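To keep things clear, I will list the structure first and then write my remarks on it.
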Amino acid sequence: MTAPASSPALTLVFLDSAMVLSKRPFADWRAVQDHYPDYKTNLTPDQPAHLVDYLACDYPDMPGATGRAWSEVVAAFVASDALDLTLSRDDTWVCTC
């Protein structure tokens, strides 16, 4: 299944020092690894709703500091011009979106 044409492809990138959400058009995991020097792994959900489900399940308390739900964080990022959004650094929530 692929993302709807109106939604950019999203990649959740896990680094040694951070967790980053990206809209960059990566060909495969090697391209992600080449872009981020401290790459560990990545997830590429087929649609934003699946990313929201994953984040809500594995990181339920993370966006609480902003008063926003994961669905709002992801929707705001998708609507933005930004290519990357750092969500956490060293397991600390840093997203100000």
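Only heavy atoms go into these numbers, but all of them, side chains included; no hydrogens, no water, no symmetry mates. These figures come from a predicted structure and were not determined experimentally.
If you take CG on Leu83 and NE2 on His35, they are separated by 8.5 Å, rounding to the nearest 0.5 Å. Distance check: Thr41 OG1 to Phe14 CZ gives 7.5 Å after rounding to the nearest 0.5 Å. Atom OG of Ser88 sits about 11.5 Å away from atom CG of Leu21, to the nearest 0.5 Å.
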Next item on the list: Determine, step by step, whether Leu87 and Phe77 satisfy the side-chain contact (heavy atoms from CB on, under 4.5 Å) criterion, reporting the C-alpha distance in whole Å, the side-chain angles of both residues, the deciding distance to 0.1 Å, and the verdict.
Entry: CA-CA 11 Å; Leu87 299 175; Phe77 175 63; over 6 Å; no

Next item on the list: Apply side-chain contact (heavy atoms from CB on, under 4.5 Å) to the pair Val73 and Leu85, showing each step before the final yes or no.
Entry: CA-CA 10 Å; Val73 170; Leu85 174 65; 4.2 Å; yes

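When each of Val78, Val74, Leu43 is tested with Leu51 by the rule side-chain contact (heavy atoms from CB on, under 4.5 Å), just one qualifies, namely Val74. Between Thr44 and the options Val32, Thr11, Leu12, a side-chain contact (heavy atoms from CB on, under 4.5 Å) holds for only Thr11.
Between Ala27 and Ala31, the shortest heavy-atom contact is N-CB, 3.9 Å. Scanning all heavy atoms of the two residues, the minimum distance from Leu15 to Tyr36 falls at CD2-CB, 3.4 Å.
Note on ring orientation: taking the six-membered ring where Trp is involved, the planes of Tyr59 and Tyr54 are perpendicular (angle over 60°, cut-offs 30° and 60°).
For the pair Leu10/Lys23, a side-chain contact is recorded, criterion being any heavy-atom separation below 4.5 Å from C-beta on.
Not one N or O on the side chain of Asp53 forms a donor-acceptor pair closer than 3.5 Å with the backbone of Ala56.
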